[in-house]
Asker: 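Can you keep this structure in mind? I'll have questions shortly.
All values reported here derive from a predicted model rather than from experimental measurement. One-based numbering, in listed order, for ligands and for the atoms of each.
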Amino acid sequence: MSDNPDIKILGIDLGGTKILTAVTNAQGKMLSRDHSITPAKEGQQAVVKSILESMSRALDQAHMVAADLTAIGVGAPGLSNPETGILFTSPNLPGWRDVPLRDIIEKQLGKKAFLINDANAAALGELYFGAGRGARNFIYITVSTGIGGGIIIDGKLYTGSTGTAGELGHMVIDDEGPQCNCGNKGCWETLASGTALAREARRRIKEGAATSIPKYADGDLEKINAEAIHEAAQAGDKLASELIAQSAYYLGVGLANLINIFNPEVIVIGGGLSNIGDMLLKPAFNEAGRRAFKQAYQAVRFARAELGRNSGVLGAAAYAFEKIKVKEATSHS
Ligand SMILES: [Zn+2]
């Protein structure tokens, strides 16, 4: 982002299950890193308290106080408005509605803070420090329990008119498809996420399909996840391979839509499901190739995310840095 050694940013990646907080410099190097569990079920106040505690541990670890910080970047799940710093609602944080998360953090630390959607943050992380480095037009997708994403147009994160752009997982693929948490039917994440893969496996097993998948989930249908299905497929299980092929198909359909709409240089894929690797991604890319405009498909490069669990926290920091830079540039002119 910059060579200025004085810049120190506190990045926070708030997830439904974990909170990751880090102090980074302007090159994306982490000077400290704190990892804790999100007490999501205990409600909003408990989560906010955990965030504040995690921030102070990250500062301690870096031998810093809040006054040493340049800015704070917060990535949070769900719908938020980066301009107002309000988190409207989040499927991963039950009970949260219109929470002024940015202001709460600013007040506590006395430093400028910026709020952004977690998947958008991860997109920025990959853009600045990961597989999207140097790209001008780039799409990031994370495929895990749901599908999230971020859209970079001409080197900038596209957030839309009220800040909620990039909800790639809620692009409708099948108008009569499975019910989605958002209230709609057949969204991409109801067909191509890790949750969808596990759900299909359970459904087929209950119908009586012959498979070794439960063996990889301690014999417990509820414990079946993408990893168990992948392991079964690697061991030659026919149903497991079939289910992964089906996920790949739907993943490819969505990718084709993104390629046709955005004509990106790079599509970076992260999230737990992408760990299945070639068995999932190769047929997905091929399906996209069968459907997308040839010229646009030939122009796109597919890459696996490089930053793993750190993409969100680094991206939240990068977002804060970008915002500060813009503010400085306008105040000097
Ligand atoms: Zn949806």
Asker: List the steps and the verdict of side-chain hydrogen bond (donor to acceptor under 3.5 Å, both in side chains) for Ser54 and Asp34.
Answerer: CA-CA 6 Å; Ser54 175; Asp34 182 76; 2.8 Å; yes

Asker: Within less than 2.8 Å of the Zn ion (ligand 1), how many protein N/O/S atoms are there?
Answerer: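 My tally for this metal is 4.
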
Asker: Which heavy-atom pair separates Leu168 from Tyr140 by the least distance, and what is that distance?
Answerer: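 So the two residues come closest at CD1-O, 3.8 Å.
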
Asker: Where do Lys8 and Pro5 come nearest, in terms of heavy atoms and distance?
Answerer: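 Nearest heavy atoms, Lys8 then Pro5: NZ-O, 2.8 Å.
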
Asker: May I have the step-by-step check of side-chain hydrogen bond (donor to acceptor under 3.5 Å, both in side chains) for Asn257 and Arg291, ending in yes or no?
Answerer: CA-CA 8 Å; Asn257 290 342; Arg291 290 168 178 270; over 6 Å; no

Asker: Which atom names give the shortest non-hydrogen contact between Ser80 and Leu115, and what distance separates them?
Answerer: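 It is CB-CD2, 3.8 Å.
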
Asker: Indicate, with yes or no, if Val300 and Phe285 share a hydrophobic cluster defined by side-chain heavy-atom contacts under 4.5 Å among Ile, Leu, Val, Met, Phe, Trp and Tyr.
Answerer: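 Both belong to a single hydrophobic cluster.
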
